[in-house]
Amino acid sequence: MPTIPLIDVKAQYAPLIAELQQAFADVLDDGRFILGPNLAAYEEEAAAYLGVPRTIGVGNGTDAIVIVLDALGIGPGDEVICPSFTFYATAESIARRGATPVFAEIDPVTMNLDPEDVAARITPRTKAIMPVHLFGRPAPLAELAELGPLLIEDAAQAFGSPDVAGHGIASTFSFYPTKNLFALGDGGLVAVRDEELGERIRLLRFHGSKAKKVFEYIGYNSRLDEIQAAVLRIFLRHLDDWTRLRREAAERYRELGLGELVEVPEDEPGHVYHLFVCRSQQRDAIRAALADEGIATGEYYLPPLHLQPALAYLGYEEGSLPVTEQLARENFSVPLWAGIDAATQERVVDAVRQAATVPA
Ligand SMILES: Cc1ncc(COP(=O)(O)O)c(C=O)c1O
């Protein structure tokens with residue numbers, strides 16, 4: 001039996017190889033590799049897609065967050081509320097700016113920030129709330145926006161959802177190769193509604209400079225390069241098809257009865273299924289059984305960020321975020337990508353069925 005990967009990135013771009021090769025040839029022919037015409041065009045196309053006036057391409061999704069925080073003047077003495085159940089980069093970026101990540105609980109069903117718990121953690125030092133659209137599911141932006149502090153959306157996992165980049169002062173994206181919209185290397189983007197903020201971010205990504213000789217801010221060297229921008233221009237045209245295929249694959253898992261064996265994500269229209277993350281108290285046994293069958297699975301954020309060694313200085317203890325900690329012990333993802341076929345999904349569900357009936 002062939003092995004089944006968690007995400008088959010190559011299957012997604014295989015039909016586009018000729019178009020990609022032409023794009024590479026065009027960049028080679030043009031000879032500009034940094035801050036060239038593909039980036040300018042991609043930034044406009046991405047802004048139109050997201051429905052925002054401005055986007056700025058940067059080196060990766062982590063830099064996107066750090067640069068937004070910098071542009072907003074968020075740093076030492078400031079607090080930013082974010083989930084602990086997210087990829088490390090979310091809180092690392094806040095800490096990198098010298099600000100304090102304040103971890104809030106999540107809703108155990110949606111796995112996204114719980115607005116009530118966020119509200120309880122707001123202090124006079126809170127400068128922003130940073131929801132993450134986790135696993136492609138939109139965070140409750142409207143409710144979070146009502147709480148007062150600025151919203152900065154970490155949308156690394158949710159490009160393509162109509163429900164992101166709506167309420168935040170800025171939204172950040174990653175184009176790491178497993179993301180829904182991906183580059184063939186590192187890449188990131190910031191989407192903003194405010195032109196002045198956008199201009200500051202544009203300067204910050206290139207050493208704080210408008211023209212190459214005058215430097216207005218202490219900045220960064222973080223650009224989305226021409227080859228990646230050319231790739232992203234092609235992939236953006238396919239994103240809605242890919243999202244439809246992901247949503248169909250998620251629905252198929254539900255139809256195949258996966259939800260009778262383990263908890264599966266409920267659907268909502270804006271969910272773009274970056275990952276299909278399930279939950280079971282038999283998580284470890286199920287993962288081991290699937291591995292024996294050659295089926296890759298993932299598990300996320302264990303230890304969660306509030307218990308990571310690098311963030312121990314924040315003083316969180318085990319048990320301080322019980323919903324997060326329990327979810328970190330029980331979640332696992334099953335294979336899903338745009339174009340996964342029904343037979344592969346049936347094999348996954350059969351394997352879970354075999355494993356889940358084994359007593360825990
Ligand atoms: C939620 C989240 N935030 C931030 C990042 C950082 O993005 P990058 O790897 O492009 O720096 C990622 C992904 O890697 C992510 O999943």
Side-chain angles (χ1 to χ4, degrees), residues 35 38-75 78 80-82 89-90 93-94 96-97 99 126-133 138-139 141-142 144-175 179-181 183 186-210 216-225 228-229 232-233 236 239 270:
L35 299 179
N38 278 291
L39 178 60
Y42 176 64
E43 286 176 338
E44 277 189 21
E45 289 159 12
Y49 183 93
L50 294 166
V52 296
R54 185 103 189 236
T55 73
I56 305 99
V58 295
N60 54 67
T62 308
D63 283 357
I65 305 173
V66 175
I67 293 173
V68 164
L69 292 169
D70 191 333
L72 290 168
I74 295 176
D78 298 333
V80 179
I81 301 176
C82 68
T90 307
S93 307
I94 298 165
R96 164 60 54 215
R97 284 289 309 144
T126 306
K127 285 283 149 48
I129 300 169
M130 193 180 293
V132 179
H133 303 292
L141 293 183
L144 292 168
E146 279 174 18
L147 299 178
L150 289 177
L151 276 194
I152 300 167
E153 299 172 48
D154 180 347
Q157 303 184 1
F159 208 115
S161 170
D163 297 337
V164 307
H167 293 74
I169 182 142
S171 309
T172 63
F173 297 91
S174 162
F175 302 126
K179 297 292 193 258
N180 290 36
L181 178 62
D186 274 316
L189 191 83
V190 182
V192 291
R193 300 195 164 275
D194 182 275
E195 292 281 355
E196 226 172 277
L197 177 64
E199 184 59 9
R200 194 170 162 96
I201 291 169
R202 195 176 71 80
L203 265 54
L204 282 173
R205 79 168 168 196
F206 179 73
H207 302 290
S209 174
K210 216 179 274 177
E216 295 175 39
Y217 311 118
I218 305 292
Y220 303 80
N221 181 16
S222 184
R223 290 86 53 115
L224 181 65
D225 71 63
Q228 300 310 337
L232 284 159
R233 293 186 70 196
L236 184 60
L239 182 64

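Remember, it's a predicted structure, so these values are computed and weren't measured experimentally.
- The number of heavy atoms from other shown groups lying within 6.0 Å of CZ (R233) is above 12.
- The neighbour count for E195 CD, taken as heavy atoms of other residues, nucleotides or ligands under 6.0 Å away, is above 12.
- Contact check for Q157 versus N180: no side-chain heavy atoms found under the 4.5 Å cut-off.
- Taking 4.5 Å as the limit, every side-chain heavy atom of L189 sits out of range of all side-chain heavy atoms of L232.
- With Q228 contributing its side chain and D186 its backbone, the two residues share no donor-acceptor pair below 3.5 Å.
- Nearest heavy atoms, P131 versus A139: CB-CB, 3.8 Å.
- Atom CD of E216 has more than 12 heavy atoms from other residues, nucleotides or ligands within 6.0 Å.
- Below 30°, between 30° and 60°, or above 60°: for Y42 and F175 the angle between ring planes is above 60°, a perpendicular geometry.
- With no hydrogens or angles considered, no side-chain donor-acceptor pair links Y217 and D70 at under 3.5 Å.
- The two residues R202 and I56 have their closest heavy-atom pair at CA-CG2, 4.0 Å.
- Test D63, I201, L204, L197 against V190 for side-chain contact (heavy atoms from CB on, under 4.5 Å) and you get one pass: I201.
- Residues P149 and I81 form no side-chain contact, since every pair of their non-hydrogen atoms from C-beta on lies 4.5 Å or further apart.
- When side chains are defined from C-beta on, V66 does not count as touching L69, because their heavy atoms never get closer than 4.5 Å.
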